[in-house]
Amino acid sequence: MSRPLITLTTDFGSKDHFVGTMKGVILGICPQAAIVDISHEITPFEIAEAGFVIAQAYRYFPKQTVHVVVVDPGVGTSRRPILAEAAGQYFIAPDNGVLSMIYARETHKVRVITAEKLFLRPVSQTFHGRDVFAPVAAHLARGARPAKLGKLIRDYLRSDFDRPTRTGKRYWTGRILKIDRFGNLITNFPAAEFSVLERRPFELTVGPHSVRRLVHSYAEGGYGELVLIAGSTGFLEIATNQASAAQMIGCAVGAQAELAVW
Amino acid sequence: MSRPLITLTTDFGSKDHFVGTMKGVILGICPQAAIVDISHEITPFEIAEAGFVIAQAYRYFPKQTVHVVVVDPGVGTSRRPILAEAAGQYFIAPDNGVLSMIYARETHKVRVITAEKLFLRPVSQTFHGRDVFAPVAAHLARGARPAKLGKLIRDYLRSDFDRPTRTGKRYWTGRILKIDRFGNLITNFPAAEFSVLERRPFELTVGPHSVRRLVHSYAEGGYGELVLIAGSTGFLEIATNQASAAQMIGCAVGAQAELAVW
Amino acid sequence: MSRPLITLTTDFGSKDHFVGTMKGVILGICPQAAIVDISHEITPFEIAEAGFVIAQAYRYFPKQTVHVVVVDPGVGTSRRPILAEAAGQYFIAPDNGVLSMIYARETHKVRVITAEKLFLRPVSQTFHGRDVFAPVAAHLARGARPAKLGKLIRDYLRSDFDRPTRTGKRYWTGRILKIDRFGNLITNFPAAEFSVLERRPFELTVGPHSVRRLVHSYAEGGYGELVLIAGSTGFLEIATNQASAAQMIGCAVGAQAELAVW
């Protein structure tokens, strides 16, 4: 009774024909599908950013939704296409760690996709979004059984971009996961695990810039002061009152963030 | 027989997961809905711009369409969510005046939305687009009766951003409603009410720049000359031949425009 | 049994209400249609770029798809709206040559659209996307017979922007069809017809810049060196390793590219 639902998250942008072409392939196979764009403006090749974005969105989709995530620096190499089943939904992506935040939060199974008869032939070297991921997603949405796509595997790639690395008793190295529309820098420091910053002096450094104050609302920061705030995403964000922290710092997604706590 | 239709107009941009997440909520409740994006590139917090955009679009949608307009600087405060019924269609928005141009043009009824059982729980402080407006729109599109959402009210907020204020016998103060793709500045001076500019000397001032000539086609203006033209939107627009008036003037949506007529 | 499918390719951008309005018109007439955006970010008035984009995409859509292509510098003049039938699909566009790459690749028939009773009335001077192309596409998607739209014609406009002009024994003049997301410049030199560049010295000049080397992968180029590569589109592309060739050259879509071969 329910209508097949497929989402797309890519770094293809919206100027070119790439996304439209994937939708043509999908609707040719599964005409009844509803297709929802999560974002096509992922920074090119930024796997962690795509992983963060899909992790923010999937919980709000119904069971059986097929999420396609194509940020794929390894296209044309031997990296494998995979299907993950988690939270009653499906995730189709290259096996490059982009689903790591899903793995961290949900019980999951992962299959390597080997059902080449479902691919568009010939498979190009550069556009697996169209030739592999789109048709597989459409067949799954139409009712193909996951086991028909390929075997369960355990050696899928799992990254830890969703949390900083501890590098000393008082030191952690993290990264900028995402820059939002307002120029706030979303780090990979989970707010709940770093509540110590409410009570102890700290310094979070990105390039030559540093942040020393945790606030509870943007307005608490002085004009032009960089502050840290627990964002709605569950991560600590670097922000500045009424301006773009990203512009002030001049950094990009993927930049390193060093934390010292005293 | 007809298919439920929901439109979205927001200032959420298309880089983040926000819009996709709203669509997930909608399709979870009303799987058959067609969802149409009007624009997600409204200047952040610019209520008048969003009000202008939805007012340009709604007449071209069929009866029963549910329009969701979320430009919501007051999210998390006590501002109310409302449902307006006008022109046989539905409009769901925060009660911040964003529907004023609809009120001005159409017979309408307004309800305060109090049916909290339709909201996603818990309702976040920052994302009512997902937690309040999307699910209410989806239930309405599925057939919920408007009276079930809340009571009729008369004290909804109504702004007059769709027309300038008369500030003297020969003076009006207006504003820039929108900057279009070509850099034309759409003012809130209704062309029909200011046809006097065809016959009398005038000066329209935006910051340090002024416009003194009304033309009927872009080509009438000299290269680099700012001119006024009656646009297809029904409002006077500041334009310049073969270039971007917005870049020349260096102004943003919401800027003031002062008119003097002699 | 299949669901009507309509694609849109325009230079309307995604900030304004234009595209949403066209979709309102379409869904009012054909509520079951799936609408797919190919791109709305065509450079304003760049007919060749739109022609290139739709030519890259159409083959991946099912039979009976209705493609609407609106890049229309002549809107409001006497240029005609046309319907082309090719590859089992439909193409609706102004008769300005935008479909030339389809004509070059597929057996086709072209009709002039004269069925004014299908248009929105009154037809505006500036927005035939909404008043002419959208409603005609929707009626066609709903099952209107092509012959009802207008008569077959032979004098439709056909441009040759998809190939360079030979200007001498060793000289060709081509153009930049498209700049992709990574700043690569896609020329209109078909790679298959210029395989001679693999064996002979050549110089391809765009403004003051020139390219003298054909490579097989981006990595072959030195850092900052402009190289030529046969792209996935079938055309030669000007690229540079790890940087934007468009920014280096500072050129726009439509720029001239001069080739000399020795």
Side-chain angles (χ1 to χ4, degrees), chain A residues 3-6 8 10-37 39-46 70-77 119-135 138 141-142 181, chain C residues 1-11 13-14 19 32-43 46 49-65 67 69 88-89 177-184 186 216-218 229-234 237 242 244 253:
Chain A
R3 183 174 168 215
L5 180 49
I6 295 175
L8 304 179
T10 78
D11 60 355
F12 294 158
S14 52
K15 300 184 72 166
D16 299 298
H17 62 278
F18 302 124
V19 173
T21 305
M22 286 178 67
K23 294 180 182 175
V25 171
I26 289 170
L27 293 170
I29 295 166
C30 183
Q32 302 308 320
I35 305 175
V36 168
D37 301 304
S39 174
H40 300 293
E41 305 297 335
I42 302 298
T43 307
F45 310 143
E46 271 297 328
V70 191
V71 172
D72 193 12
V75 66
T77 70
F119 301 172
L120 247 57
R121 308 315 297 259
V123 172
S124 68
Q125 284 295 304
T126 56
F127 195 3
H128 288 194
R130 177 191 67 200
D131 301 335
V132 175
F133 299 111
R142 258 189 83 170
R181 176 160 169 79
Chain C
M1 241 338 285
S2 80
R3 183 174 169 215
L5 180 48
I6 295 174
T7 82
L8 304 179
T9 303
T10 77
D11 59 356
S14 52
V19 173
Q32 302 310 320
I35 305 175
V36 168
D37 300 304
I38 305 292
S39 174
H40 299 292
E41 305 295 335
I42 302 299
T43 308
E46 271 296 330
E49 184 183 359
F52 169 78
V53 167
I54 189 63
Q56 291 294 315
Y58 76 96
R59 275 181 286 203
Y60 296 94
F61 283 83
K63 302 282 179 206
Q64 310 292 331
T65 298
H67 301 283
V69 185
Q89 306 185 47
L177 281 177
K178 178 96 176 79
I179 298 174
D180 76 12
R181 177 161 169 78
F182 304 101
N184 300 319
I186 304 172
H216 293 95
S217 78
Y218 295 117
I229 188 167
S232 60
T233 60
E237 304 181 12
Q242 309 219 22
S244 162
V253 164

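In what follows, every chain begins at residue 1, and chains take the letters A, B, ... in the order their sequences are listed. The shown structure was predicted, so the numbers you read here are calculated from the model rather than taken from an experiment.
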A side-chain contact here means heavy atoms from C-beta on lying under 4.5 Å apart; do L8(C) and V36(C) qualify?
no
The interface call for V25(A) against chain C, heavy-atom contacts under 4.5 Å, is both
Applying salt bridge (charged side-chain N to carboxylate O under 4.0 Å, His left out), can you list everything that pairs with D131(A), at least two apart in sequence or on another chain?
none
Proximity breakdown for F127(A) and chain C, heavy-atom pairs closer than 4.5 Å:
neither
Contacting moiety of I38(C), where chain A heavy atoms sit under 4.5 Å:
both
When rounded to the nearest 0.5 angstrom, what is the spacing between CZ in R130(A) and OG1 in T21(A)?
7.0 Å
For P4(A) and Q32(A), work out which heavy atoms get closest and say how close.
CD-O, 4.1 Å
Applying salt bridge (charged side-chain N to carboxylate O under 4.0 Å, His left out), can you list everything that pairs with D37(A), at least two apart in sequence or on another chain?
K23(A)
Under 4.5 Å from any heavy atom of chain A, what part of K178(C) do you find: side chain, backbone, both or neither?
side chain
Residues forming a salt bridge (charged side-chain N to carboxylate O under 4.0 Å, His left out) with R181(A), sequence neighbours excluded
E41(B)
Tell me the closest heavy-atom pair linking A134(A) and I26(A), and the distance in Å.
O-CG1, 3.7 Å
Strictly by modelled atom types, are S14(A) and H40(A) linked by a side-chain donor-acceptor pair under 3.5 Å?
no
So which atom in V69(C) and which in A50(C) form the shortest heavy-atom distance, rounded to 0.1 Å?
CG1-CB, 4.2 Å
Side chain, backbone, both or neither of S124(A) within contact of chain C (heavy atoms, under 4.5 Å):
neither
With a 4.5 angstrom heavy-atom cut-off, which part of I35(A) approaches chain C: side chain, backbone, both or neither?
neither
Do any of residues 52-61 of chain C come closer than 4.5 Å to chain A, heavy atom to heavy atom, and if so which ones, in number order?
V53(C), Q56(C), A57(C), Y60(C), F61(C)
